[in-house]
2 protein chains.
Amino acid sequence: MTAPSKAFRSRIQQDDIYSIPIDDFFKSAFSVDCVIFGYHEKQLKVLLIERGTEPYGGYWALPGDLVYPSEDLDAAASRVLRDLTSLSDITTRQIHTFGKVDRHPLGRVITVAYAAIVEIQDIRPQASSWASDTKWHSIKRLPKLAFDHKEIVRSAYDAIKEYARYEPIWNEVLPKKFTLTQLQEFYETVLNKAFDKGNFRKKINTMKFVKALNESQKNVNHRPSALYSFDAKAFKDYRESDTLIEF
Amino acid sequence: MTAPSKAFRSRIQQDDIYSIPIDDFFKSAFSVDCVIFGYHEKQLKVLLIERGTEPYGGYWALPGDLVYPSEDLDAAASRVLRDLTSLSDITTRQIHTFGKVDRHPLGRVITVAYAAIVEIQDIRPQASSWASDTKWHSIKRLPKLAFDHKEIVRSAYDAIKEYARYEPIWNEVLPKKFTLTQLQEFYETVLNKAFDKGNFRKKINTMKFVKALNESQKNVNHRPSALYSFDAKAFKDYRESDTLIEF
DNA sequence: AAGACTTATTGTATTTGTTACAATTAGTGT
DNA sequence: ACACTAATTGTAACAAATACAATAAGTCTT
């Protein structure tokens, strides 16, 4: 990517009523920040890195960094996450863009927030590049965060609660074969809300894409639960139908 | 706003594994694009401008432009809309950010899309700055648009349908005193879906913030309808309760 | 092997919401 | 007074949500 073309420059210089020099438009940058929620045994956490560089050196922050000039935004989210935490293969969704003028102390940087939810035991984040540490923090008690990252986490949490209502986001989190109790605990934790056991499974039974297997738990000291799995094909059919089930 | 500080530059130069010169990060810019939906008599339209400048000169496009270096994103959406269409006092919501590397032919520009819905008769857009014309286009038959604006319109339309389900966005569109038929027509148009008359009003009756007035229509050649209005206080109470009504 | 224990699973009665459609009402226009 | 138009109310069938209770299927203890 080269400097802005002449046509671009001249348009702005010609027409901008405030006569801001063209170069000032190109002194801004954009970043991505990843809000990785981690679920494990009824606990919801968020993955933070310790910043090993200024500004906010030593602070906990979301994994995030500037986007390369010739890098798509979505790709940047994956790359930045990998650079700082060594995590790959995590699919994130765009949540919101934060652009307050003074949100970055060293220049104009707007940031696009991305979010995902994973099972904590499935991944092993490792600090790299300028991250000096990584750690899962309970969503309920966050430390002081760098930049406006607290606001970003809050916004991402609201968004993921919304997604959870109509997307099977548990599919990325629960084991391939899971019990309805595990599924219920997941919903209860993410939505921070209790459900009646009997009614919960009645609702799940209306979802054809949660398929009962002919298997049950082993080695539990109580009645073993039937196992279920996500049926991708049935889910596709469901999505193409017009009946939407929500929580 | 000045050039990026030394600390900022040095961090990147030091740590970036690909050794991209710092200046390249600052050759990008960001813009906002406004998707203004207009409603009038069961018609849903979108406000486009004719571009009087390159690139895409002569094309229809969303009102949008670069964000000033010291301007908040949300403020930029208002300002850009005013600059190009002379419209003020339109509150927009952020929808999504589009950042494909090649989406702008003359440089790296990511754009943050904002949307709103208004009553077409309430406003009078007038082309100014580099916009050579403005026009309401039916949402159903859009011309070829500049950049990736077709995709942005589609995304904003999806978003506004979602908002319509749980936010009283009709409050910005319908007259202060309106009939339930008008309200139903609004929902039917926006959601592109028909409702049963009797059932629709039963649902509305459960919404305490749609308040029946002791007034009715005048000068209609049929039974006059009762008039209703939005009750802001009741809506506030409703929002603070936990029962959400949706369409 | 019987009974205790724990969680899974099914059932049921009540209430609440959805749907489709019919009947009635209150105006204007002839 | 009667036709016309759209507003408004009613109703019966059906579906979904809710609160609980009852039963089932394992392991564990004695």
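Just so you know, these numbers use all the heavy atoms, side chains as well, and skip hydrogens, waters and symmetry mates. Computed from a predicted structure; not experimentally measured. Here is the naming used below: chain letters follow the sequence lines, and residue numbers restart at 1 for every chain.
- Residues that satisfy the salt bridge (charged side-chain N to carboxylate O under 4.0 Å, His left out) test with A:R201, not counting sequence neighbours, are absent from this structure.
- For residues 131-148 of chain B, the salt bridge (Lys or Arg N to Asp or Glu O under 4.0 Å) pairs, not counting sequence neighbours, are B:R103-B:D148.
- Residue pairs satisfying the salt bridge (Lys or Arg N to Asp or Glu O under 4.0 Å) criterion with at least one member in residues 219-238 of chain A, sequence neighbours excluded, are listed as follows: A:K211-A:D231, A:K233-A:D237, A:K236-A:E240.
- The phosphate of D:dT8 has OP1 or OP2 within less than 4.0 Å of a side-chain N or O from B:S225.
- Sequence neighbours left out, the pairs with a member in residues 177-195 of chain A that pass salt bridge (Lys or Arg N to Asp or Glu O under 4.0 Å) are A:K42-A:E185, A:K177-A:E215.
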Heavy-atom contacts, protein to nucleotides 22-27 of chain C, under 4.0 Å, summarised as B (base), S (sugar-phosphate only) or - (none) per nt, yield ---BBB
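- Listed by chain and residue number, A:T243 satisfy the side chain to side chain donor-acceptor pair (under 3.5 Å) test with A:S241 (two or more places apart in sequence, or in another chain).
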Sort me out a list of protein N/O and nucleotides 11-17 of chain D N/O pairs below 3.5 Å, or just none if empty.
| residue | atom | partner | partner atom | Å |
| --- | --- | --- | --- | --- |
| D:dT11 | O4 | B:K202 | NZ | 2.6 |

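- In this structure A:H137 satisfies the side chain to side chain donor-acceptor pair (under 3.5 Å) test with no other residue, sequence neighbours excluded.
- Computed from coordinates, the A:Q184 CD to C:dT9 C1' distance equals 13 Å when rounded to whole Å.
- For residues 75-100 of chain A, the pairs satisfying ring-ring contact (aromatic ring centres under 6.0 Å, His included) are A:H96-A:F98, with sequence neighbours left out.
- Put simply, CG on B:N205 is 13 Å from C1' on D:dG10, counting in whole angstrom units.
- Ion pairing between A:E246 and B:R165 holds under the 4.0 Å rule for side-chain N and carboxylate O.
- Between B:L227 and A:D196, the residue anchored nearer the 5' end of DNA chain D, judged by the nucleotide with its closest heavy atom, is B:L227.
- A:F200 places its CZ atom 16 Å from the P atom of D:dA19, with the value rounded to the nearest Å.
- In this structure, B:R201 places its CZ atom 9 Å from C1' of D:dT9, rounding to the nearest Å.
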